[in-house]
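Quick note: numbers below take in every heavy atom, side chains included, and nothing from hydrogens, waters or symmetry partners.
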Amino acid sequence: AAAVAAALVPEHEKYKALQTEIRAMQQQLKEKDEEIQRGMQEIERGKREIDRCKREIESCKQSAAEAAAEAQNAHSAEMAQYLEEKKSLDDFKRLVEKQRLQW
């Protein structure tokens, strides 16, 4: 019995060493899993930020298009006013020329 017990001691020590190694590997796996989860959360945050930026870009494009349309309308209105004033001035010049010729 003593010989069997003596033979089992090294086997038990190997078993304890393997159990310790298994626990260390399980801890490493747990840490890696947590690291992966943090990475996945960062990816999701990044995707949300990209989506927010895309929405902001679209809003800016729309605002720019609206501003361009307003500027075009303002320019058109200024042009119409200029043409109206030019027509009035041309009419006035014709009237003056007509009066001058009659004198």
Student: Scan for side chain to side chain donor-acceptor pair (under 3.5 Å) pairs involving residues 51-68, sequence neighbours excluded, and state none if there are none.
Tutor: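 Qualifying pairs: Glu49-Arg52, Arg52-Glu56, Gln62-Glu66.
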Student: Out of curiosity, Leu89 CG to Arg94 CZ, how far, rounded to the nearest 0.5 Å?
Tutor: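 Separation between the atoms: 9.5 Å.
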Student: What I want to find out is whether Lys87 reaches Glu84 closely enough, with some N-O distance under 4.0 Å, to be called a salt bridge.
Tutor: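 Salt bridge between Lys87 and Glu84, a charged N being under 4.0 Å from a carboxylate O: no.
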Student: Is the closest side-chain donor-acceptor distance between Tyr15 and Glu11 under 3.5 Å?
Tutor: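 No, Glu11 and Tyr15 have no side-chain donor paired with an acceptor closer than 3.5 Å.
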Student: Run the salt-bridge test on Asp33 and Lys30 with the 4.0 Å N-O cut-off and return the result as yes or no.
Tutor: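 No salt bridge links Asp33 with Lys30.
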Student: List the steps, then state whether salt bridge (Lys or Arg N to Asp or Glu O under 4.0 Å) holds for Asp90 with Lys86.
Tutor: CA-CA 6 Å; Asp90 290 345; Lys86 183 176 182 326; 3.0 Å; yes
Student: With heavy-atom distances below 4.5 Å as the criterion, would you say the side chains of Glu44 and Arg48 are in contact?
Tutor: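 Touching, per the 4.5 Å side-chain cut-off.
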Student: Could you tell me whether the side chains of Glu85 and Gln81 share a donor-acceptor contact shorter than 3.5 Å?
Tutor: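 Yes, because at least one side-chain N or O of Glu85 sits under 3.5 Å from a partner of the opposite role on Gln81.
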Student: Could you go through Lys16 and His12, starting from their C-alpha distance and side-chain angles, then the distance that decides it, and tell me whether this counts as side chain to side chain contact (heavy atoms under 4.5 Å, CB included)?
Tutor: CA-CA 6 Å; Lys16 283 176 30 181; His12 182 68; 3.3 Å; yes
Student: How long is the straight-line distance from OG of Ser76 back to CG of Leu83, given to the nearest 0.5 Å?
Tutor: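 Between Leu83 CG and Ser76 OG, I get 10.5 Å after rounding to 0.5 Å.
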Student: Identify, with sequence neighbours excluded, every residue that meets side-chain contact (heavy atoms from CB on, under 4.5 Å) alongside Glu21.
Tutor: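 Partners of Glu21 by the side-chain contact (heavy atoms from CB on, under 4.5 Å) criterion, ordered by chain and then number, come out as Leu18, Met25.
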Student: Atom CG in Leu29, atom CD1 in Ile22: separation rounded to 0.5 Å?
Tutor: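 Between Leu29 CG and Ile22 CD1, I get 11.5 Å after rounding to 0.5 Å.
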